[in-house]
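Working notes, structure below.
A, B, ... follow the sequence lines: proteins, then strands. Residue 1 opens every chain. As the structure is a computational prediction, the values presented were derived from the model and not from experiment. All values below come from the heavy atoms of this structure, side chains included, with hydrogens, waters and symmetry mates left out.
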Amino acid sequence: MKHYWLMKTEPGEYSIDDLKKDKSTGWDGVRNYQARNFMRDQMRVGDGVFFYHSNAKPGAVGIAGLAKVCKAAYPDDTAWDENDKHFDPKSNSENPIWFRVDVRFVKKCPEVITLQKLKATPGLEKMVVTQKGSRLSVQPVSPDEWELILKMPEWV
DNA sequence: GCCAACGTTGGC
DNA sequence: GCCAACGTTGGC
């Protein structure tokens, strides 16, 4: 069963343009158990991903493009790199705590689908990202939400 | 930059 | 196991 996802990134750190340039990237640095569990337990090659820009200027916050999972979960070795920003002394190669997946660029939105618009769209009231205080950086998207968002004019 | 909401830590 | 303190996220 194919799943759909929304993955957040700060465009100042890694944007849809970076993914376009790189073609694909390892989604490392996730240090939240719920987000990890989604990646480790449910993400499969071919799953669809909305690439979301968080913590950006007002008007730039929202879905910035489309990606797909191109490699299923494997240990995030940045967790045992002391020099890495996301170093976690509890994790090591025998007993990895944190995982990453790889995602491949599919498409950039000519226009960002803003969070404001998502919140105002009937049918997306229950979407995780539109909930107040929602901080989860890897979150599931229902097939209905996926279809509805893909039909928006911002994609063309 | 502010600050509300959230997740994690650690003392008890 | 509770919960206060703390650090982080992320919209605005």
Whole angstrom value for the distance that separates [atom2] of [N] from [atom1] of [X]:
{"X": "A:Trp98", "N": "B:dT8", "atom1": "CH2", "atom2": "P", "answer": "7 Å"}
{"X": "A:Tyr52", "N": "C:dT9", "atom1": "OH", "atom2": "C1'", "answer": "11 Å"}
{"X": "A:Arg31", "N": "B:dT9", "atom1": "CZ", "atom2": "P", "answer": "13 Å"}
{"X": "A:Gln131", "N": "C:dG10", "atom1": "CD", "atom2": "P", "answer": "15 Å"}
{"X": "A:His86", "N": "C:dT9", "atom1": "NE2", "atom2": "C1'", "answer": "13 Å"}
{"X": "A:Leu136", "N": "C:dG11", "atom1": "CG", "atom2": "P", "answer": "13 Å"}
{"X": "A:Asp88", "N": "B:dT8", "atom1": "CG", "atom2": "P", "answer": "12 Å"}
{"X": "A:Asn32", "N": "C:dG10", "atom1": "CG", "atom2": "P", "answer": "9 Å"}

Does [X] put a side-chain nitrogen or oxygen below 4.0 Å from OP1 or OP2 of [N]?
{"X": "A:Lys57", "N": "C:dG10", "result": "no"}
{"X": "A:Lys8", "N": "C:dT9", "result": "no"}
{"X": "A:Tyr33", "N": "B:dC6", "result": "no"}

Query raised in the report: Is a side-chain donor-acceptor pair under 3.5 Å present for A:Ser91 with A:Arg31?
Result: no

Query - Least distance between heavy atoms, A:Leu124 atom then A:Thr130 atom - result: O-OG1, 3.1 Å

Report summary line: Scanning both residues in full, the closest heavy-atom pair of A:Ala35 with A:Val30 reads CB-CG1, 3.6 Å

Query raised in the report: Looking at A:His3, A:Met7, A:Lys71, which one forms a side-chain contact (heavy atoms from CB on, under 4.5 Å) with A:Met43?
Result: A:Met7

Query - Sequence-distant partners of A:Trp80, ring-ring contact (aromatic ring centres under 6.0 Å, His included), two or more places apart - result: none

Find every protein N or O atom lying less than 3.5 Å from an N or O atom of nucleotides 2-4 of chain B, and list the pairs.
none

Query raised in the report: Can you say whether the rings of A:Trp27 and A:Phe51 are parallel (under 30°), tilted (30 to 60°) or perpendicular (over 60°)?
Result: perpendicular

Requested in this report: Would you kindly compare A:Asn55 and A:Gly133 by the position of their nearest DNA chain B nucleotide and give the one closer to the 5′ end?
Outcome: A:Asn55

Report summary line: Sorted by chain and number, sequence neighbours left out, side chain to side chain donor-acceptor pair (under 3.5 Å) with A:Glu10 holds for A:Asn55

Query raised in the report: Which is true for A:Lys90 with a 4.0 Å heavy-atom rule: it touches a base, it touches only sugar-phosphate, or it touches nothing?
Result: sugar-phosphate

